[in-house]
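The structure under discussion appears below in the form of C-alpha cells.
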Amino acid sequence: MAKVKKNSEFGSIYEEYFGRALLILPFISTLFSEYLMFPECFVYSFYVLFTAIALYFFSGKKYVLAAIFMILGGSTYQVSVIVCAIYALLYILIEGNYVLNIKMLVRGLIVSFSCLFVGLLNYESTKLMQFLGVMTDNPKPISSVGVLDSIAGVIRLFWDFLKNGIGLLPVPFINLLVVIVITLLLIISRKKENERVFTFLFAGIVMFLLALAIPLIQSKAPRVIYTLYAALGCMAFLGYVQLGARVKKYAQAVTMIAVIVQIFSCQQIAINHYISNTQDLACAEAVLNKIDNYEEINGVTVDEIAVCVDDESFNYYENVYYTLDQINERTSRNVAYSLLEYTNNLKNSADDNNFVNTEETNGTPYGRRFKKSSMSGNKVRKKYFKDMNWDHFDVDEQVVIDGNTAYWCIY
C-alpha cells in the first residue's frame with residue numbers, strides 16, 4: 001500500500017479518499033447487494049478476505065502465499081479469482097509507472113491466466129467430488145449456447161451495465177460517463193505521453209474482459225458480474241492518479257456523483273427488500289391462520305405442505321421496482337415451505353405459551369411443524385388449481401387443505 005501511495009502522488013488526504021472510493025466501488029455497488037439477499041452471506045465474506053490477503057502477499061512478492069490464499073478464495077467462491085486478477089493487474093500497472101512494457105505484459109498474462117486456472121480447477125474439482133459422492137449438488141453447468149450467441153450476450157450485458165447498471169441505477173449512463181470523463185481528462189493531461197494513454201485504455205479493456213469471463217461461459221448473476229464495477233473502479237483509479245492537478249477536480253465531481261448514485265440505489269434496494277419481505281410474511285401468516293382454523297375445527301393436524309405456481313406467477317411483487325435475478329425476488333414463490341416454517345417459528349417465539357417440546361427441538365420453540373409433500377407442483381396444479389390464475393393474493397382460493405396436507409398455489 002505504501003508503494004501505491006508513493007506512485008499515485010496524491011496531493012492531499014481529500015484526493016486520496018476519492019481514489020479509495022473508486023477502489024471500493026464494487027463493494028458498495030448495487031450488484032454486490034445480491035450477497036445480502038442470502039443467509040450464507042457471512043460465508044461469502046471469507047472469499048473477499050482470502051482475496052485481500054492474496055493481493056497483500058502478491059504486493060509483497062510472496063507469491064507462494066499469494067497463490068495459497070487465491071486458491072482458498074477460489075474454493076470459497078469462484079468469482080474471487082476475477083477480483084484477484086483485476087486488482088493484481090492494477091498493482092502491476094502502478095508499480096510499472098503506468099507505461100506498458102514486455103515485462104509488465106508477461107507478468108500480467110501470468111497473473112490473469114493463473115487466476116483463471118484456479119477458477120477452472122475449482123469447477124473441475126467440484127465435478128469430481130460430485131462424481132465421487134462427496135457432494136450431492138451439481139456445479140453450475142458451462143453454457144451450451146453457441147460462441148457467437150455467448151459473445152452477443154455479454155456485449156448486451158456490458159452495454160446494459162454502462163447504460164443503467166443493468167436496470168438498478170436511476171441515473172442513466174452514469175457508468176459510461178465515468179469511463180468517458182476519466183479517459184478524456186487523461187488524454188488532456190497526458191497529451192504528449194501516448195504510451196500512458198494507450199496503457200490506460202489497454203488495461204481497461206483487459207479488466208472488463210476479465211470481468212466478463214464468467215458471464216461468457218456460465219452465470220450472469222449480480223453476485224458474479226459485480227466484478228464489472230471492480231473493472232470500472234480500477235480503470236477510473238488508474239486514470240485518476242495520473243491526472244494533473246487542474247483537471248482532477250472534474251474527475252472528483254464525476255466520482256462523487258457515481259458513488260452517491262450507488263449508495264442511493266443500494267438504499268432503495270434495501271427499502272424494496274423490506275417491502276417484499278413484509279408482503280411475503282403477510283401471505284405466510286394468512287396461510288398459517290387458515291391451517292390453524294382448519295385444525296381447530298376439524299381436529300386434524302396438518303403436517304405436510306405442497307406448493308405450485310399459477311401460469312402468470314411473477315418472481316417479484318408489483319410494488320417492488322429495484323429487482324434483478326435474485327435481488328428482491330419473492331420468497332413465497334421460490335421457497336414457500338421455508339417461508340412457512342420461518343413465519344411459524346416467529347409466531348412461536350413471540351408467544352411463550354405456544355411452546356414446541358419435542359425430541360428433535362430439545363425443548364425449544366423452533367421445531368419444524370411441517371414436512372414437504374412428495375406430490376409434484378404439476379400434480380398439485382392439475383388436481384386442485386387447474387386453469388386458475390390470479391393477480392393478487394387470495395388465501396381462500398389459493399390454499400386448499402385436504403386431510404393432513406395444505407396445498408398452496410402461488411399467484
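As a basis for the values below, the full set of heavy atoms in this structure was taken, side chains included, without hydrogen atoms, waters or symmetry mates.
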Inset, instruction - For the residue pair V43 and F38, establish whether any side-chain heavy-atom pair is separated by less than 4.5 Å. - result: no
Inset, instruction - Could you check if a side-chain atom of S276 sits within less than 4.5 angstrom of a side-chain atom of Y316, using non-hydrogen atoms only? - result: no
Inset, instruction - Carefully, step by step, assess I82 and I86 under the rule side chain to side chain contact (heavy atoms under 4.5 Å, CB included). - result: CA-CA 6 Å; I82 303 299; I86 291 172; 3.9 Å; yes
Legend entry - Whether D310 side chain and W390 backbone form a donor-acceptor pair below 3.5 Å: yes
Inset, instruction - Show your reasoning for whether side chain to side chain contact (heavy atoms under 4.5 Å, CB included) applies to V111 and F58. - result: CA-CA 10 Å; V111 167; F58 177 80; 3.7 Å; yes
Legend entry - Distance-only side-chain donor-acceptor flag, Q242 / R196, under 3.5 Å: yes
Legend entry - Y322 (side chain) donor-acceptor with A270 (main chain) under 3.5 angstrom: no
Legend entry - Sub-4.5 Å side-chain heavy-atom contact between V380 and V307: no
Legend entry - Side-chain (S75) to main-chain (I71) donor-acceptor, under 3.5 angstrom: yes
Inset, instruction - Could you check whether the rings of F173 and W159 sit parallel, tilted or perpendicular, using 30° and 60° as the cut-offs? - result: tilted
Legend entry - Parallel, tilted or perpendicular, as decided by the 30° and 60° cut-offs, for the rings of Y35 and Y47: tilted
Inset, instruction - Work out which heavy atom in I92 is nearest to a heavy atom in M104; give both atom names and the distance. - result: CG2-CG, 3.4 Å
Legend entry - K220 and D325 ion-paired at < 4.0 Å: no
Legend entry - Heavy-atom check, side chain of L23 versus side chain of L90, under 4.5 Å: yes
Inset, instruction - Give a yes or no on whether the backbone of E304 and the side-chain of T405 come within a donor-acceptor separation of less than 3.5 Å. - result: no
Legend entry - Close side-chain approach of V254 and I182, heavy atoms under 4.5 Å: no
Legend entry - Test item: F27 and Y226 side chains (from C-beta on) under 4.5 Å apart, heavy atoms: yes
Inset, instruction - Could you tell me whether a side-chain N or O of N272 sits under 3.5 Å from a main-chain N or O of Q268, the two making a donor and an acceptor? - result: yes
Legend entry - Polar contact flag, side-chain donor to acceptor under 3.5 angstrom, R223-Y77: yes
Legend entry - Spatial distance of atom CD1 (I291) from atom CD1 (I305) [nearest 0.5 Å]: 4.0 Å
Legend entry - W408 side chain near L340 side chain, heavy-atom distance below 4.5 Å: yes
Inset, instruction - Please check if the side chain of S265 supplies one atom and the backbone of Q262 the other of a donor-acceptor pair under 3.5 Å. - result: no
Inset, instruction - Nearest 0.5 Å please: distance from the OH atom of Y250 over to the CG atom of L184. - result: 13.0 Å
Inset, instruction - For the pair T255 and V178, evaluate side chain to side chain contact (heavy atoms under 4.5 Å, CB included) and give the outcome as yes or no after the intermediate values. - result: CA-CA 7 Å; T255 301; V178 171; 6.0 Å; no
Legend entry - Y337 (side chain) donor-acceptor with F370 (main chain) under 3.5 angstrom: yes
Legend entry - Backbone N/O of H392 and side chain of Q398: donor-acceptor pair under 3.5 Å: yes
Legend entry - N/O donor-acceptor pair under 3.5 Å between S313 side chain and Y411 backbone: yes
Legend entry - Residues, nucleotides or ligands: over 12 heavy atoms within 6.0 Å of F314 CZ: no
Inset, instruction - Flag the pair M375 / Y407 as yes when at least one side-chain heavy-atom distance between them is below 4.5 Å, and no otherwise. - result: yes
Inset, instruction - Assess the side chains of N328 and T323: does a donor N or O sit below 3.5 Å from an acceptor N or O? - result: no
Inset, instruction - Using the test side-chain contact (heavy atoms from CB on, under 4.5 Å), find all partners of S189 that sit at least two apart in sequence or belong to another chain. - result: L243, V247
Legend entry - Over all atoms of both residues, closest heavy-atom pair of K347 and L288: CD-CD1, 4.0 Å
Inset, instruction - Could you tell me the separation between the OH atom of Y321 and the CD1 atom of I275, rounded to the nearest 0.5 Å? - result: 8.0 Å
Inset, instruction - Assign the ring pair F18 / Y240 to parallel, tilted or perpendicular, where the plane angle (0 to 90°) is split at 30° and 60°. - result: tilted
Inset, instruction - In sequence, state the C-alpha distance, the side-chain angles, and the governing distance for Y342 and V335, and then conclude on side chain to side chain contact (heavy atoms under 4.5 Å, CB included). - result: CA-CA 11 Å; Y342 173 76; V335 284; over 6 Å; no
Inset, instruction - Give the minimum heavy-atom separation between R369 and D292, together with the two atoms involved. - result: NH2-OD1, 2.7 Å
Legend entry - Which atom of V79 lies closest to which atom of I214, heavy atoms considered: CA-CD1, 4.0 Å
Inset, instruction - Drop me the distance from H273's NE2 to I327's CD1, to the nearest 0.5 angstrom. - result: 10.5 Å
Inset, instruction - Among F50, F69, Y91, find the residue that satisfies the ring-ring contact (aromatic ring centres under 6.0 Å, His included) test when tested with F57. - result: F69
Legend entry - Distance (rounded to the nearest 0.5 Å) between F393 CZ and Q279 CD: 11.5 Å
Legend entry - Over 12 foreign heavy atoms within 6.0 Å of OH, Y63: yes
Inset, instruction - May I ask you to decide if S332's main-chain N or O and D280's side chain share a donor-acceptor pair within less than 3.5 Å? - result: yes
Inset, instruction - Give a yes or no on this: more than 12 heavy atoms of other residues, nucleotides or ligands lie within 6.0 Å of atom CZ of F117. - result: no
Inset, instruction - Determine the minimum heavy-atom distance between L228 and F158, stating which atoms define it. - result: CD2-CD1, 4.1 Å
Legend entry - From OG1 (T199) to CG (L100), nearest 0.5 Å: 4.5 Å
Legend entry - Y229 to S29 - nearest heavy-atom pair and separation: CD1-CB, 3.4 Å
Inset, instruction - For S112, enumerate each residue passing the side-chain contact (heavy atoms from CB on, under 4.5 Å) test, keeping only those at least two apart in sequence or located in another chain. - result: L89, L210
Inset, instruction - Using the ring of Y317 (Phe, Tyr or Trp, six-membered ring only), decide whether R330 places NZ or CZ under 6.0 Å from its centre and within 45 degrees of its axis. - result: yes
Inset, instruction - Determine whether the side chains of N334 and Q326 contain a donor N or O and an acceptor N or O closer than 3.5 Å. - result: no
